[in-house]
Chemist: 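Take a look at this one; I'll ask things after.
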Amino acid sequence: MAEEKLPTRAEDFAEWYNQLVIKADLADYAPVRGCMVVKPYGWALWENITSWLDAEFKKTGHVNAAFPTLIPLSFFEKEKEHVEGFSPQLAVVTHGGGEELEEKLAVRPTSETIIGYMYSKWIKSWRDLPVLIVQWGSVLRWEIRTKLFLRTAEFYWHEGHTAHASADEAMEEMYRILDTYEEFCLNEAAIPVFKGPKSESEKFPGAQITTSIEAMMWDKRALQSGTSHYFGQNFAKAFDIKYLDRNNALQYCETTSWAISSRIIGAIIMVHGDDQGLVLPPRLAPIQAVIVPIYRNEAEKAKVMEVADRVFQELKDAGIRLKMDDRDNVSSGFKFNDWEMRGVPVRVEIGPKDVEKGSVALARRDRPGREGKSFVSQDGLAATVNSLLAEIQTSLLQRATEYRDANIHEPKDYEDLKRIVQDGWAFAYWCESTECETKVKEDTKATTRNIPVNQPDQEGMCIVCGRPSKRKVYFARAY
RNA sequence: CGGGGCGUAGCGCAGCCCGGCAGCGCGCUUGCUUUGGGAGCAAGAAGUCCCGGGUUCGAAUCCCGGCGCCCCGACCA
């Protein structure tokens with residue numbers, strides 16, 4: 001239950017976040033180091049995220065399957081960059097049934113290896129391609145520093161793994177999924193993102209190309225919110241994934257993988273949340289509207305509840321995800337604050353005065369306090385609430401986009417870049433060399449986020465070294 | 001791995017220096033009054049004082065050893 005106030009975001013953003021996750025009832029700390037328990041309210045939010053994505057993947061021919069949590073440790077040795085990238089983060093099972101295991105088993109940190117192994121058994125002919133499989137589940141990475149949702153040892157996600165006959169087709173798949181991720185962020189989560197390839201040094205271990213979507217949090221730090229990778233034939237060669245083409249020639253597959261994790265919940269919190277607590281976009285909110293009946297005695301209660309029950313049924317019939325807060329042991333004021341903490345988009349208050357006047361009070365979560373309150377007729381309330389939900393969804397995206405764009409600057413020179421990334425993002429030409437990227441990181445802690453697609457066909461000079469450059473990149477401090 | 005802090009009721013903490021009935025606030029339970037922006041009063045329940053050993057008539061407190069957690073820095077979705 002929510003109690004007491006949060007620190008404001010300006011006072012202590014990290015502490016604001018930590019307390020909010022607990023007080024909004026999304027998750028709790030587990031007894032295992034670095035792990036979280038996702039509570040029912042947080043999981044309901046996650047289910048709304050996953051059900052949209054799942055439906056979208058299925059539209060483009062993807063199917064779901066499940067692979068084991070445990071992976072033979074030797075599998076990780078097969079791809080050089082992959083083993084280097086993930087070895088430090090592996091949890092390893094050494095005993096089973098009281099006996100020491102002959103071969104140690106890793107708890108999956110990601111499933112390219114075991115899925116690659118299976119694909120090599122399943123794929124024989126060009127007729128078997130493409131293979132488009134998604135796994136929903138959790139993975140485990142032994143993280144040093146953890147934070148609920150943003151970086152926990154175990155986290156939830158989907159991982160898509162696809163195999164194709166040609167590089168073009170695999171690249172197309174990578175970008176198709178990236179588009180789906182962008183669409184999800186914009187339309188469902190109301191979070192604007194930039195999409196495009198990552199730099200060499202920021203690539204996924206084993207990938208030829210890693211693309212990402214990048215979002216700006218309230219504190220102006222960047223959060224990589226989804227990734228889509230093109231592996232070329234790296235994993236196909238490591239796991240011997242081959243098929244006979246139409247000319248009876250043996251070919252290696254081209255593979256991809258891609259993921260959005262429960263981290264996206266952290267993004268929703270840090271993009272939309274305010275000093276009152278969580279603010280959820282209506283399309284993802286587990287509870288879109290809450291009804292708070294207000295009364296002073298039994299006689300009033302009877303009258304108010306009659307209206308409240310009728311309104312509840314009307315809104316429910318209109319398909320609104322709804323909650324009646326009929327708790328008798330807390331005051332109305334407490335309830336207001338409680339539901340604001342949990343980010344419910346619309347609150348419907350019904351008291352004795354409303355019963356008299358045929359009205360209700362509507363409070364919209366994206367505008368806290370008196371400003372967001374209005375008194376509307378009980379007639380046609382379902383339509384009123386539905387249009388308000390749509391308006392909140394739109395205005396959250398608009399507000400987040402304006403905020404982001406106001407905090408991205410194009411540096412005049414390197415000194416300017418160093419200043420900008422202290423409190424915002426810099427968008428600048430970059431020669432795509434690791435040296436320049438590393439220099440920025442050492443000087444400022446900012447990293448390259450991605451090279452956004454759809455850039456104008458112009459040339460410039462690398463902001464660091466001055467060499468000619470064709471593409472601009474975002475520099476930002478990241479989570 | 002380097003630096004700092006902490007471990008006492010569900011949560012947040014005081015008590016420790018200077019050994020002597022285990023406390024405070026919040027939360028929880030019950031009752032009454034309350035309810036349009038975080039209600040009040042009353043009565044209750046709730047403890048392996050992180051673990052192990054030692055000193056002592058007596059240890060939350062002193063000594064030795066261990067474990068765990070959090071925060072800040074280099075790596076990561």
Side-chain angles (χ1 to χ4, degrees), chain A residues 1-6 12 14-15 18-19 22-23 28-34 84-90 109-110 138-147 149-159 181 198 201-205 207 210 212-215 222-229 257-267 276-277 292-298 300-301 304 325-341 347-357 359-363 368-370 372-373 375 441-442 445 447 449 478-479:
Chain A
M1 187 181 292
E3 77 283 339
E4 299 302 312
K5 282 184 176 157
L6 294 169
D12 187 345
E15 188 57 22
N18 287 339
Q19 290 191 22
I22 301 298
K23 289 179 175 170
D28 201 353
Y29 293 96
V32 180
R33 196 198 84 95
E84 284 172 8
F86 282 105
S87 288
Q89 293 190 291
L90 290 182
T110 179
S138 68
V139 290
L140 189 75
R141 299 178 187 179
W142 213 259
E143 297 288 350
I144 298 168
R145 263 168 66 57
T146 61
K147 201 173 172 79
F149 289 115
L150 283 185
R151 185 176 299 103
T152 44
E154 184 182 24
F155 60 90
Y156 299 88
W157 72 352
H158 65 266
E159 42 180 328
Y181 287 170
K198 305 280 282 185
S201 67
E202 296 277 332
K203 275 187 339 190
F204 178 84
T210 285
S212 74
I213 49 171
E214 301 282 335
L223 186 75
Q224 178 171 305
S225 304
T227 48
S228 185
H229 316 289
S257 84
W258 27 272
I260 279 184
S261 76
S262 42
R263 162 181 260 198
I264 196 73
I265 292 175
Q276 303 300 311
V292 180
I294 297 156
Y295 44 80
R296 280 181 299 249
N297 52 49
E298 284 302 315
E300 281 185 357
K301 179 178 181 180
V304 166
D325 189 352
D326 53 7
R327 285 178 290 179
D328 247 350
N329 59 330
V330 291
S331 68
S332 308
F334 182 92
K335 291 178 183 179
F336 298 164
N337 286 287
D338 195 27
W339 293 111
E340 280 168 11
M341 184 70 80
R347 186 176 66 243
V348 182
E349 302 168 20
I350 304 175
K353 288 180 226 162
D354 298 299
V355 174
E356 297 298 320
K357 291 193 265 183
S359 64
V360 304
L362 280 191
R370 184 149 295 172
K373 255 193 197 186
F375 293 87
K441 188 172 182 180
E442 282 171 358
K445 292 182 186 166
T447 51
R449 300 322 304 159
Y479 276 98

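Predicted model, so just to flag it, every value in this text is computed and none were measured. Quick note on labels: first sequence line is chain A, next is B, and so on, each numbered from 1.
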Chemist: Check every strand shown and say whether A/Glu349 touches a base, only sugar-phosphate, or nothing at a heavy-atom separation below 4.0 Å.
Modeler: base
Chemist: Which residues pass the ring pair (Phe, Tyr, Trp, His ring centres under 6.0 Å) test with A/Phe155, not counting sequence neighbours?
Modeler: A/Trp157
Chemist: Taking the P atom in each of B/rA9 and B/rA14, what is the distance between them to the nearest angstrom?
Modeler: 12 Å
Chemist: Mark yes or no for whether A/Asp354, through its side chain, and A/Gly351, through its backbone, hold a donor-acceptor pair below 3.5 Å.
Modeler: yes
Chemist: Just call it for A/Thr152: base, sugar-phosphate, or nothing, with non-hydrogen atoms closer than 4.0 Å on any strand.
Modeler: base
Chemist: What is the nucleic acid contact for A/Leu150, judged by heavy atoms within less than 4.0 Å: base, sugar-phosphate only, or nothing?
Modeler: base
Chemist: Look at the side chain of A/Asp354 against the base of B/rG36 and say whether a donor-acceptor pair falls under 3.5 Å; ignore hydrogens and angles.
Modeler: yes
Chemist: Okay, side chain of A/Lys335, backbone of A/Val292: is any donor-acceptor separation there less than 3.5 Å?
Modeler: no
Chemist: Each nucleotide N or O in nucleotides 69-74 of chain B that has a protein N or O under 3.5 Å away: list the pair and distance.
Modeler:
from   : atom 1 : to       : atom 2 : distance (Å)
B/rC72 : OP2    : A/Arg145 : NH1    : 2.7
B/rC72 : OP2    : A/Arg145 : NH2    : 2.4

Chemist: What's A/Lys335 touching, base or sugar-phosphate or nothing? Going by heavy atoms closer than 4.0 Å.
Modeler: nothing
Chemist: Does A/Arg141 make a side-chain donor-acceptor contact with the base of B/rC76, cut-off 3.5 Å?
Modeler: no
Chemist: The criterion is side chain to side chain contact (heavy atoms under 4.5 Å, CB included); which residues satisfy it with A/Thr146, sequence neighbours excluded?
Modeler: A/Glu143
Chemist: A/Lys203 NZ to B/rC76 C1': how many Å, rounded?
Modeler: 17 Å
Chemist: Report the nucleotide, chosen from B/rG37, B/rG36, B/rC76, that has the shortest atom-to-atom distance to any side-chain atom of A/Glu143.
Modeler: B/rC76
Chemist: Please identify each residue that fulfils ring pair (Phe, Tyr, Trp, His ring centres under 6.0 Å) with A/Tyr181, with sequence neighbours left out.
Modeler: A/His158
Chemist: Between A/Gly85 and A/Ile294, which has a closest nucleotide on RNA chain B that is more 5'?
Modeler: A/Ile294
Chemist: Among residues at least two apart in sequence or on other chains, which ones pass ring pair (Phe, Tyr, Trp, His ring centres under 6.0 Å) with A/Tyr156?
Modeler: A/Trp43
Chemist: NA contact type, A/Phe204, heavy-atom cut-off 4.0 Å: base, sugar-phosphate, or nothing?
Modeler: nothing
Chemist: Under 4.0 Å between any heavy atoms, over every strand shown, what does A/Glu340 touch: base, sugar-phosphate, or nothing? Just pick one.
Modeler: base
Chemist: Once you apply a heavy-atom cut-off of 4.0 Å, does A/Arg347 come out as touching a base, just sugar-phosphate, or nothing?
Modeler: base
Chemist: Which whole number of Å gives the distance between the P atom of B/rU34 and that of B/rA45?
Modeler: 28 Å
Chemist: Let's see if you can work this out: which of B/rG37, B/rU35, B/rC76 has an atom nearest to the side-chain heavy atoms of A/Phe336?
Modeler: B/rG37
Chemist: If the condition is side chain to side chain contact (heavy atoms under 4.5 Å, CB included), which residues does A/Lys203 pass it with, not counting sequence neighbours?
Modeler: A/Glu200, A/Thr210
Chemist: Establish, with yes or no, whether the OP1 or OP2 oxygen of B/rU35 is under 4.0 angstrom from a side-chain nitrogen or oxygen of A/Ser331.
Modeler: no
Chemist: Answer with base, sugar-phosphate or nothing: what part of the nucleic acid does A/Ser261 contact at a heavy-atom distance below 4.0 Å?
Modeler: base
Chemist: 5'-most contact on RNA chain B: A/Arg449 or A/Ile350, nearest heavy atom basis?
Modeler: A/Ile350
Chemist: With a 4.0 Å cut-off on heavy atoms, is A/Pro88 in touch with a base, just the backbone sugar-phosphate, or nothing at all?
Modeler: nothing
Chemist: If you check every side-chain atom of A/Gln89, which of B/rG38, B/rG37, B/rC76 has the closest atom?
Modeler: B/rC76
Chemist: Is the count of non-hydrogen atoms from other residues, nucleotides or ligands lying under 6.0 Å from A/Lys357 atom NZ greater than 12?
Modeler: no
Chemist: Could you give the CE-to-P distance, from A/Met341 to B/rG38, as a whole number of Å?
Modeler: 15 Å
Chemist: Looking across every strand, which nucleic acid part, if any, lies under 4.0 Å from A/Ala259 by heavy atom: base, sugar-phosphate, or nothing?
Modeler: nothing
